[in-house]
*Asks:* 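The following block contains the structure, expressed as structure tokens.
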Amino acid sequence: MSASDDRDVLRLSVNGVEQALLVGPYTTLLELLREDLRLTGTKHGCELGECGACTVLVDGVAQLSCLVLPAQLDGAAVTTIEGLAEGSVLHPLQRAFMRSGALQCGYCTPGMILAAKALLDANPAPSREEIRQALAGNLCRCTGYASIIEAVEDVARSAS
Amino acid sequence: MNLSPATHDGQALHVVGKPLPRVEAVGKVTGGTLYADDIDLSGLLHCKLLRSHHAHARVLSIDTSSALAVPGVVAVITGQDLPARYGIMPTCEDEVALEHEKVRFVGDPVAAVAAVDEAAALAGCRAIRVEYDPLEAVESIEQALLSPGSEPIHDYAGPANIHRLAALEFGDVEAGFARADHIREDVFFFEGNTHLPMEQHSATAQAANGHVTLWSSTQNPHYVQRILASVLDLPMGHVRVVAAPHGGGFGGKCDPFSHEIVVCKLAMLTGRPVKCTLTREEVFYTHRGRHPVLMWVRTGVDASGRICAMHFRTALDGGAYGSYGPASTLYTGALQTTTYAIPAYRFEGARVFTNKAPCGPKRGHGTPQPRFALEVHLDKIAEEIGLDPVELRRRNYVKPFTRTVNWLRITSCGLEEVTDRVLEASRESRRERRPGHGVGFAVSSYMCGAGLPIYWNKLPHSECVINVGRGGVTLFCGATDIGQGSDSVLATVAAEELGLSPGDIRLVTGDTGLTPVDLGSYSSRVTFMAGNAARMAASRMRELIVAAVAEEEGCAPSEIEVREGKIGRLMFEEAAVLAEERLGTLSSHGSYSPPADIGGRYKGSGVGPSPAYSYSAAVVDLDADHCTGEVHVNKVWLAHDIGRAINELAVRGQVEGGVYMALGEALMEAQVYRDGLHKQPSMLDYKSLTFLEMPEVETILVETVDPEGPYGAKEVGQGPLLPVIPAVVSAVHDALGVWVDEVPVTPEKILKALDARAKGKEGRFGPKSFPDVPYPPLVKVTPPDAAAAAL
Amino acid sequence: MLRLPRFRYLRPQSVAEAADLMAEHGEQAMLVAGGTDLLPKMKRGQMEAEILVGLGHLAELRQLERSDDGGLRIGAGVTLSQIVHDAALARLYPGYVRAAALVSSPALRNAGTIGGNLCVDTRCNFYDQSYEWRMAVGFCMKKDGDICRVAPASKRCRAIASSDTAPAAMALGATVTLVSSAGRREVPVSALYEDDGQFYLAKAADEIIESIQLPAATDWSSSYVKVRRRGSIDFPLAGVAVALKAAGPVIEEGRIVITAVASRPLDVSEAAEPLVGCTLASLLEGQRDELLTGVAASAARPAKPLDNADLHYVWRKQMTRRGVEQAVREAATALLARSA
């Protein structure tokens, strides 16, 4: 339904593109990305902050987009899974996830990769335990997690 | 990993067996893959379902007038708009898309609203007034078996709330017990749990010109197509079901669902596309997950530990509807015989209705519960007769190429190998002893596809078409990739035959409008069945192209080598164009039907037969705290007889995922009810393992090269889950000396068992008795004679 | 998809203005900082507000400064992650940092603030459910109903105190500064809570936590033990915060606070009195196990878990005792390491 009465202009950068959007204050970043911007790579599994599927980066920090309000975003830089590759060149984490079999159904993958990116950006050489701790809010029902750890370790190794 | 040399029937294998990335991976790591809820169509309406908040009630009236007045609401429907009954199994068509006479669990859909957005649809639902007359709710197996206080949940069932009964005897069980030196009885309970796919179910329908198209996160587009045609009263050919890229199934997206039917109906009524995406809470109500099962097992063994006879009883809590229930019931008794040579076997099973979300198939469908009971029971027998539990099992292992007492045909069987390998790999850990440390072992077996379809028909179980045009290869198959990697299997098989890489094959799968039939992604059937169909189609295409090239070159087809993108001296594309020039349209097809003689011919024999069985063995190493009852799993070794790994990476992933799900079921996952309501319908409260609980898994693949599997391949999607659950229970016993005969094994249950032991009672937690079930007279089946038993 | 109901979002330029807005709008308004507690509850209809007064953007709430007495003053808008990744803080207040590190999941801690965590809503599995679920079971007094579903005879709501950092802050003797349109006051963290699951905060609705003050921790160490099913995501089923003081080898003072076993964190420091005079070494080498068991038993005595959280309430009570033993040992270990 039209919500023109209570929408405000929100300025933010999404995957490097500056945008000015008219959004209601109650529109979560998840809805804004998936429905207003049609960036459906960001997934949703609970919308309550319990599963990690909707993880994106806000100013480089992993955030649960289902719990982020527009007011918390003014002037922010948002990175979604669609913004990771440089043109057709995949990000090392994307390649490593493919190589290690770190995805099956793929539904947790965008959130998982972004959570891993936030970790590696802050800590380029994490221990296995640090990887497990950093990703412990991202549930996966397919892989049993081992191949995901392997993929993150793989990227950390090749970066060092 | 120690895989067999990459040859098959004397031919070198070029892509089969390689650990290649999955063919659809790029879309999944870039966000490009469009899952069902990612689909957007012009003019799309959004649908929400109004669900019952009573566990059991008559629906007296439904007033939708205020809903239609809600701004943005376009259409409202109730059961009167969709009166046709349906069910996945023809023997229990007990569902309607929207109930307008009676609701049977909290969450049962009663009305649907289509609106311009989800918020308006939700407001519309909340404006609907439903008048209910509440009935007494049935919440447990025991309660269901009693004469119902008020009316039974279904009027077609009975006595009481019994949905389905089975009673089968193979061989002379009494004589078997009579010659046994030792007889033991045990009772077990397996609490139900759910699939919890990361993706919430979603379906979008479009209708035009008397045709309906549905995009849905379904595992079984063909069965959904069939039910839609029936419920919507449309010809099959006017219903197209497309399985959208799938965010996880595990059996939970196998049934035709209310929301799928409702969006089709609303699209037909409004002329606009309609989408319905379930919330997480609704996914818990949609369920069709693991049945809670009470089990009683009695086994007689001789002095050497050989099984003389076994009697297995089960009682399944089916929830509110039939779903796959008749099959689920029989599965609780069917596969005990595929690991152990039981000379005389009696199975009695019952499924009851309760006022809870309906149960159905979850990874291992009906077999993880009895497998848990059987393996733990054997551990107890071994302990009692002073025999090593592994040795007890080995003395009873089935042999390859034999027939079981219930007529199941066993072909390749790597039981001995998986046992040897898993014990060898875990040797050091088993040697180490410290207080609270425990190690458990168990084996299991699973089908490579159900031998019979869900509804009676003689169509091939899987069909595949390959078209080659202008040098490009497109493979069409109804199989549905639910994340298990079936697209990669199909592409790999076709690539192997055509000398290409999997990435060269364009795939069109899981689309009833474009692809030939495949029954669906259930019963671990896709690699075996669709793989064989694809291999047949691809080898025929190869013959066509090779023949054309041979003719051009003036040599025999056998002289033309097909490998690495070349057919003879020509690049594949050149060769394909050459063949098209000579032969016209290049199209080949393949299909697969299971052999006819893989099972018996008795009522109930439809469940259990499979063209092959996979075998798994697990060792679980854990520490259990006798003060807190908490369990920390250190490592799991899982050896799996895969027949042949088509893609080693994908196989390993399925093993690790199966171990993960098993540990969740063994330790914490449970679909628990209170006051007639699901107690914990959220990702926070329904506990599944995070990174921090998941131990290291060592996967060992054993390749027995099945004579009928594609390149010898067997299943891996479900089998590796099975032995882990009993191995956890066994390891807890090893650690603390108490038995927890009820899954999940929670800290409080362990402490209760320890407490019982401290009070001088049996160190055990579990059900005390098995209820009286009015099983019918036994159907006595003569087992195969010696000649028939040795294939 | 679960969505938020409509609301207006106000963006004050200062804490004082926020306080004025809260006073102006009264019951229609709620405060929001990280939103990690409020937004899921608004989606499920557990909390309703026509107006949200935002605090997350206020730089004045994100200061971290040493106070004159050698303690630390932390702005309420500092995120849990900032606390967790502050190595200096972890040396001084290991129990508090540990508690922050055990809140939910990493991404949630990136949004959740320390002020918000002190105010985190009490929890109950009859209440933390969707509107439709609660309607089906019958609404409870905490929202939309008039009885307590877990204890129908209870006159008050029995929802569970679920903040991890509150008991840790209480064990440190921390205070909070509250700002409202009426002024500013400083109260002990322990004074923030009522023994009532519904009206669980003792502060006025328009009072804003501006900062938390941790007193100097010289000669103190602290610990926090959280009992739950999984190592991440889950709320506490029982939580124990301990602070011990020992300038030398002998314990001089001890504090114990337990949580998630009542509607507010319970200061049970009296139970720690037998620890005074014990040497750290004797405690850790197993010579005082009986004494420690006694301390744990009396510390856990007021714990009254009910059947409204994960796992069995009897087990949760048992685990509270275990948690006390473990938390005392951890704090003693840290003190011993420091003295050595």
Side-chain angles (χ1 to χ4, degrees), chain A residues 1-3 34-35 38-53 80-85 88 90-91 93-111 113 129 131-149, chain B residues 19 21-22 24-35 37-38 40 71-72 115-117 119-120 195-200 245-250 279-280 481-485 647 649-650 652-661 663 682-685 688-692 694 696-697:
Chain A
M1 284 197 293
S2 153
R34 285 183 55 83
E35 296 171 357
R38 297 297 304 150
L39 291 170
T40 55
T42 301
K43 297 305 176 208
H44 60 108
C46 69
E47 303 100 70
L48 296 168
E50 299 171 352
C51 76
T80 72
I81 193 67
E82 290 92 342
L84 234 54
S88 59
L90 297 181
H91 186 275
L93 273 167
Q94 293 174 312
R95 291 201 299 273
F97 267 59
M98 291 173 55
R99 219 170 29 237
S100 301
L103 59 112
Q104 290 182 25
C105 84
Y107 201 81
C108 73
T109 307
I113 288 178
E129 185 53 26
I131 295 170
R132 282 152 50 97
Q133 289 289 346
L135 300 181
N138 293 72
L139 295 175
C140 168
R141 291 290 285 170
C142 294
T143 62
Y145 301 119
S147 51
I148 297 173
I149 296 173
Chain B
R22 34 200 325 128
E24 83 292 7
V26 171
K28 288 178 174 174
V29 298
T30 57
T33 301
L34 291 180
Y35 295 82
D37 189 44
D38 302 337
D40 192 17
V116 294
D117 59 26
H195 319 84
L196 200 75
M198 290 302 295
E199 176 203 32
Q200 299 138 313
H246 209 275
F250 315 111
T279 64
R280 176 56 58 188
D481 197 322
I482 60 167
Q484 87 280 42
N647 179 332
L649 190 64
R652 194 190 67 155
Q654 285 289 295
V655 171
E656 289 168 356
V659 171
Y660 155 84
M661 197 163 276
L663 289 175
S682 70
M683 300 286 262
L684 170 63
D685 291 327
S688 64
L689 306 186
T690 75
F691 271 89
L692 302 179
M694 187 61 199
E696 183 190 349
V697 177

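Below, all heavy atoms of this structure are taken into account, side chains as well, without hydrogens, waters or symmetry copies. Throughout, protein chains are lettered first and strands after them, A, B, ... in sequence-line order, and every chain is numbered starting at 1.
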*Asks:* If I take atom CG from residue N138(A) and atom CE from residue M198(B), how far apart are they, to the nearest 0.5 angstrom?
*Replies:* 8.0 Å
*Asks:* In Å and rounded to the nearest 0.5 Å, what is the CZ to OG1 distance from F97(A) to T30(B)?
*Replies:* 13.5 Å
*Asks:* Side chain, backbone, both or neither: which part of L90(A) has a non-hydrogen atom closer than 4.5 Å to chain B?
*Replies:* side chain
*Asks:* Heavy-atom distances under 4.5 Å only: say whether A136(A) touches chain B with side chain, backbone, both or neither.
*Replies:* both
*Asks:* Do S147(A) and R652(B) come within less than 4.5 Å of each other through their side chains, counting heavy atoms only?
*Replies:* yes
*Asks:* For T80(A), is it the side chain, the backbone, both, or neither that has a heavy atom closer than 4.5 Å to a heavy atom of chain B?
*Replies:* neither
*Asks:* What is the minimum heavy-atom distance between M683(B) and G45(A), and which atoms define it?
*Replies:* CG-O, 4.2 Å
*Asks:* For chain B, which of H91(A), Q133(A), E35(A), H44(A) has the most heavy-atom pairs under 4.5 Å?
*Replies:* H44(A)
*Asks:* Can you check whether Q104(A) reaches Q654(B) side chain to side chain, under 4.5 Å on heavy atoms?
*Replies:* yes
*Asks:* Do the side chain of E50(A) and the main chain of S682(B) share a donor and acceptor less than 3.5 angstrom apart?
*Replies:* no
*Asks:* Heavy atoms, side chains only, cut-off 4.5 Å: are F250(B) and C142(A) in contact?
*Replies:* yes
*Asks:* For the CG atom of L103(A) and the CD atom of E24(B), what is their distance to the nearest 0.5 Å?
*Replies:* 7.0 Å
*Asks:* Is the backbone of Y35(B) close enough, under 3.5 Å, to the side chain of Y107(A) for a donor and an acceptor to pair up by distance?
*Replies:* no
*Asks:* Name the member of R280(B), E656(B), Q200(B) that forms the most heavy-atom pairs with chain A at distances under 4.5 Å.
*Replies:* Q200(B)
*Asks:* Examine whether an atom of L135(A) lies under 4.5 Å from a heavy atom of chain B, and if so say whether it belongs to the side chain, the backbone or both; otherwise answer neither.
*Replies:* both
*Asks:* By a 4.5 Å heavy-atom criterion (distance strictly below it), what part of L93(A) contacts chain B: side chain, backbone, both, or neither?
*Replies:* neither
*Asks:* Can you say whether I482(B) sits under 4.5 Å from chain A via the side chain, the backbone, both, or neither, judging by heavy atoms?
*Replies:* backbone
*Asks:* Got E199(B) and C105(A) here, is their nearest side-chain heavy-atom distance under 4.5 Å?
*Replies:* no
*Asks:* Does the distance from a Lys or Arg side-chain N to an Asp or Glu carboxylate O, for K43(A) and D38(B), drop under 4.0 Å?
*Replies:* yes
*Asks:* Donor-acceptor pair, Q94(A) side chain versus V29(B) backbone, under 3.5 Å?
*Replies:* yes
*Asks:* Between atom CD1 of I131(A) and atom CZ of F691(B), what is the distance when rounded to the nearest 0.5 Å?
*Replies:* 9.0 Å
*Asks:* Taking every non-hydrogen pair under 4.5 Å, which of R22(B), H246(B), M661(B), Q484(B) racks up the most with chain A?
*Replies:* R22(B)
*Asks:* So which pairs with a foot in residues 134-144 of chain A pass salt bridge (Lys or Arg N to Asp or Glu O under 4.0 Å), sequence neighbours left out?
*Replies:* R141(A)-E669(B)
*Asks:* I need the residue from R99(A), E82(A), E47(A), R38(A) with the largest number of non-hydrogen atom pairs under 4.5 Å to chain B.
*Replies:* R38(A)
*Asks:* With chain A as the partner, which of L689(B), L663(B), N647(B) has the greatest number of non-hydrogen pairs under 4.5 Å?
*Replies:* L689(B)
*Asks:* Could you tell me which of D37(B), L34(B), D685(B) has the largest number of non-hydrogen atom pairs under 4.5 Å with chain A?
*Replies:* D37(B)
*Asks:* Is there a side-chain contact between V26(B) and M98(A) (heavy atoms, below 4.5 Å)?
*Replies:* yes
*Asks:* Can you confirm whether L139(A) sits close enough to T690(B) that some side-chain heavy atom of one is under 4.5 Å from a side-chain heavy atom of the other?
*Replies:* yes
